[in-house]
Amino acid sequence: MQQIKVPKGMKDVLPGESGRWRAVESAMRRAALLAGYREIRTPVLEYTELFARSSGETSDVVRKEMYTFLDKGGRSVTLKPESTAGTVRAFLESGLYAQALPLKLYYVNAPHFRYEAPQSGRLREHHQFGMECFGAAQPSVDAELIRIVMELLAGFGLKNLQTRINSIGCPKCRPAYQQRFREYLAGKQDKLCKACVERTQTNPMRVLDCKEEGCQRELADAPVMLDCLCDECREHFDLLRQYLSIAQVPYTVDPRIVRGLDYYTKTVFEVTTQMNTGVLTVCGGGRYDGLVEELGGPAVAGVGFGMGVERVLMLLDQLEEGECLLAPEEEAPEVFVASLHKGLGPQAFSLMEAFRKAGLRADMDHQARSLKAQFKYADKLNARYIAILGDEEAERGAVKLRDMATKEEWEAALAAAPGELKKRIRLSGKEE
RNA sequence: GUGGGCAUAGUUCAGUGGUAGAGCGCCAGAUUGUGGCUCUGGAUGUCGUGGGUUCGAACCCCACUGCUCACCCCA
């Protein structure tokens, strides 16, 4: 039989890894909660038009990376490539904008899809933690978000992260800049890469973050948006910097960050790290003051970010022993019930149930294996104690308990064993 | 979309034309009521698929498929 494999660009999270996922997730939830953000869950699937309208028809995501198909009703639907659009849609559709603003939302472990060639750190399905704030025009929120991101990542033990910020202006000041920039590029068309020649027409600012060396050379003395901000954007950016310094967030200003989605205004930021293969973006975000209106709602400011969970885990993998500050949840059985022979199965089962009722993680033999094999298995599971049921003990209504680490063994009455073991575990937990 | 690399046991891989292998893992025994260490034994393979060359192909050639890495872009 031909084996069916996981679809291209998808990945299973196996039991050996899932503990780390949960640890990362719960740290994210804590961080969000601490800052007053509340969870929102939006569907994986949205109508294609939502992304076309929000991200921009010329963005790479919309043009070539969306997981789009027709459903049985002939509607064009898309697996979400990012979460801001869906969050805004929900915000509008459910009338949340009519409630007290600002409204702070987060999502965690949300699946995202981009149809592209998978490679290291880039899967077709990936998961994001993200935070979005609606109705707050002040840069204190921008700063708060950046601060939360840095705090969170530092809390995992990650180092060598760079935070870069920029302002890409607003509809008031950007057109004039774009005109000026287009004129600058006009004389250099023959020296730019093919993609950039096209971008000059469609979305000139994307030329700024082209990775081609030739293009970057030509851009050395190009005008940057930062120098052309209107008063409002200028003030916003200056204030943002002030807030960041109050929050003691280290960052650099990089006038070349423009980001791939059209909806951004004013603040954009990225958190990256240097890998041996190149720069890896862990988190990216920015302000989108026009998006809610663009999607048919009132003029409500927005700002947010998305963080790649797989990328965070990838960075954690590279930490040395002891540097990673994540504490994965304990999942090894606290007690494993072994029985001498098959006939004791029912007693073993009810003892295991009693352990579980007492709140202990308990398991038992389900294969009628030799006692030796049961010990081996319990050891593989990293069980802390083993409870041995034998005929001699059964006659006395007792069970033998053994500490797997110290090899200490003692006998306990069947009925009392769960309580006794629980007490023992709790006591030793306090000593640690 | 473009270009590299790889594909052999559960897994990591060795095997460059002549009987399909090793480490780890798994199972069992040594130890008939006791794990980790040791020793002994065992199970598991359409050698990615299809074709070609050859007396003979895991090996050489061609095609395909899959995986992987890089570019572009991004989380």
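In what follows, chains are A, B, ... by sequence order, proteins preceding strands, each numbered from 1.
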Next item on the list: Test for a donor-acceptor pair under 3.5 Å between the base of rG36(B) and the side chain of Lys407(A), counting only N and O atoms.
Entry: yes
Item checked: Residue that, paired with Met28(A), satisfies side-chain contact (heavy atoms from CB on, under 4.5 Å) out of Ile148(A), Val108(A), Leu33(A) -> Val108(A)
Next item on the list: Take atom C1' in rU46(B) and the same atom in rG29(B), then report the distance between them in whole Å.
Entry: 33 Å
Notebook entry, point to check: Can we say Glu409(A) and Lys400(A) salt-bridge, meaning some charged N sits less than 4.0 Å from an Asp/Glu carboxylate O?
Noted result: yes
Check: Are the side chain of Asp12(A) and the backbone of Leu14(A) linked by a donor-acceptor contact shorter than 3.5 Å?
Finding: no
Checklist line | Spacing of the C1' atoms in rG21(B) and rG45(B) (rounded, Å) | finding: 11 Å
Item checked: Phe269(A)/Arg164(A) under side-chain contact (heavy atoms from CB on, under 4.5 Å): CA gap, chis, key distance, verdict -> CA-CA 6 Å; Phe269(A) 71 94; Arg164(A) 303 199 317 276; over 6 Å; no
Check: For rA28(B), which nucleotide is its Watson-Crick or G-U wobble mate, given both distances must be under 3.5 Å?
Finding: rU40(B)
Item checked: Leu389(A) vs Gly306(A), nearer the 5' end of RNA chain B by closest nucleotide -> Leu389(A)
Item checked: 5' precedence on RNA chain B between His126(A) and Val6(A) (nearest-nucleotide basis) -> Val6(A)
Check: If we call it a pair only when both distances are under 3.5 Å in a Watson-Crick or G-U wobble match, what pairs with rC6(B)?
Finding: rG66(B)
Next item on the list: Could you tell me whether Ile388(A) contacts a base, only the sugar-phosphate backbone, or nothing, with contacts defined as non-hydrogen atoms closer than 4.0 Å?
Entry: base
Next item on the list: Assign Val279(A) to base, sugar-phosphate, or nothing according to its heavy-atom contacts below 4.0 angstrom with the strands shown.
Entry: base
Item checked: Minimum-distance nucleotide (side-chain atoms of Glu392(A) versus rC73(B), rG36(B), rG33(B)) -> rG33(B)
Next item on the list: Please determine, for the side chain of Arg369(A), which listed nucleotide (rC27(B), rA75(B), rU34(B)) has the closest atom?
Entry: rC27(B)
Note to self: Between C1' on rA28(B) and CG on Leu371(A), what's the gap in Å once rounded to a whole number?
What the structure shows: 15 Å
Check: How many Å lie between NZ on Lys376(A) and C1' on rU38(B), as a whole number?
Finding: 12 Å
Notebook entry, point to check: What's the CG-C1' distance between Asp60(A) and rC71(B), to the nearest Å?
Noted result: 13 Å
Note to self: Arg402(A) vs Tyr385(A), test: side-chain contact (heavy atoms from CB on, under 4.5 Å). Steps then yes/no.
What the structure shows: CA-CA 6 Å; Arg402(A) 176 183 172 98; Tyr385(A) 294 92; over 6 Å; no
Check: Under 5.5 Å between ring centres and under 30° between planes: does that hold for His112(A) against the base of rA75(B)?
Finding: no
Notebook entry, point to check: Can you tell me the Watson-Crick or wobble partner of rG1(B), both distances under 3.5 angstrom?
Noted result: rC71(B)
Item checked: Distance, C1' atom - from rU54(B) to rU40(B), rounded to whole angstrom -> 43 Å
Next item on the list: Identify which nucleotide among rC72(B), rU34(B), rA75(B) has an atom closest to any side-chain atom of Gln119(A), counting heavy atoms from C-beta outward.
Entry: rC72(B)
Note to self: Between Phe375(A) and Phe336(A), does the ring-ring contact (aromatic ring centres under 6.0 Å, His included) criterion hold? Intermediate values first, please.
What the structure shows: CA-CA 9 Å; Phe375(A) 262 77; Phe336(A) 184 91; 8.8 Å; no
Next item on the list: Send over the distance from Asp365(A) CG to rC27(B) P, rounded to a whole Å.
Entry: 12 Å
Next item on the list: Can you tell me, in whole Å, how much space there is between the P of rG18(B) and that of rA58(B)?
Entry: 10 Å
Check: With sugar-phosphate meaning primed atoms plus P, OP1 and OP2, does Val282(A) contact a base, only sugar-phosphate, or nothing at under 4.0 Å between heavy atoms?
Finding: sugar-phosphate
Notebook entry, point to check: Which one, rG33(B), rG35(B), rC73(B), comes nearest to the side chain of Glu393(A)?
Noted result: rG33(B)
Next item on the list: Would you classify Lys8(A) as touching base, sugar-phosphate or nothing, given that sugar-phosphate means primed atoms plus P, OP1 and OP2, and contacts are heavy atoms under 4.0 Å?
Entry: sugar-phosphate
Margin query: Would you measure the distance from the C1' atom in rU11(B) across to the matching atom in rU16(B) and give it in whole Å?
Written below: 25 Å
Checklist line | Residue from Glu39(A), Glu144(A), Glu132(A) passing salt bridge (Lys or Arg N to Asp or Glu O under 4.0 Å) with Lys104(A) | finding: Glu144(A)
Next item on the list: Among the candidates rG66(B), rG35(B), rA75(B), find the nucleotide nearest to the side-chain atoms of Met404(A).
Entry: rG35(B)
Note to self: What's the closest nucleotide to the side chain of Lys380(A) if the choices are rC26(B), rC73(B), rU34(B)?
What the structure shows: rC26(B)
Check: Between the base of rC73(B) and the side chain of Arg259(A), is there a donor-acceptor distance below 3.5 Å?
Finding: no
Next item on the list: Measure the distance from CE on Met10(A) to C1' on rG66(B) and round it to the nearest whole Å.
Entry: 15 Å
Next item on the list: When you get a sec, tell me which of rC69(B), rA28(B), rG35(B) is the closest nucleotide to the side chain of Ser120(A)?
Entry: rC69(B)
Notebook entry, point to check: Has Lys372(A) got a side-chain N or O lying under 4.0 Å from the OP1 or OP2 atom of rG35(B)?
Noted result: yes
Check: For Arg199(A) and rC73(B), is the shortest distance between a side-chain N/O and OP1 or OP2 below 4.0 Å?
Finding: yes
Checklist line | Among Glu329(A), Glu17(A), Glu330(A), salt bridge (Lys or Arg N to Asp or Glu O under 4.0 Å) partner for Arg22(A) | finding: Glu329(A)
Next item on the list: Pick the P atom in rA28(B) and in rC61(B), then give their distance to the nearest Å.
Entry: 45 Å
Item checked: Whole angstrom value for the distance that separates C1' of rU32(B) from CG of Asp391(A) -> 13 Å
Note to self: Please pick, from rG35(B), rA28(B), rA75(B), the nucleotide with the shortest atom-to-atom distance to any side-chain atom of Leu261(A).
What the structure shows: rA75(B)
Margin query: Side chain of Glu409(A), heavy atoms from C-beta onward: which of rA28(B), rG35(B), rU34(B) has the nearest atom to it?
Written below: rU34(B)
Margin query: Roughly how many Å apart are rA70(B) and rG15(B), using the C1' atom of each and rounding to a whole number?
Written below: 30 Å
Check: Does the side chain of Glu310(A) come under 3.5 Å of the side chain of Trp21(A) through a donor N or O and an acceptor N or O?
Finding: no
Notebook entry, point to check: With both distances under 3.5 Å as the test, what is the Watson-Crick or G-U wobble partner of rA57(B)?
Noted result: none
Check: For Leu79(A) and rA75(B), what is the distance between atoms CG and P respectively, to the nearest whole Å?
Finding: 17 Å
Check: Atom CE of Met314(A) to atom P of rC69(B): distance rounded to whole Å?
Finding: 8 Å
Margin query: With rounding to the closest Å, how many angstrom separate the P atoms on rC27(B) and rU68(B)?
Written below: 30 Å
Checklist line | Side chain Glu116(A) and base rA75(B) donor-acceptor under 3.5 Å | finding: yes
Next item on the list: Please determine, for rG21(B), whether a Watson-Crick or G-U wobble partner exists with both distances under 3.5 Å, and give it or none.
Entry: rC13(B)
Next item on the list: Could you check which of rC73(B), rA75(B), rC71(B) has an atom nearest any side-chain atom of Ala117(A)?
Entry: rC71(B)
Check: Base, sugar-phosphate, or nothing: which does Leu123(A) touch, judged by heavy atoms less than 4.0 Å apart?
Finding: base
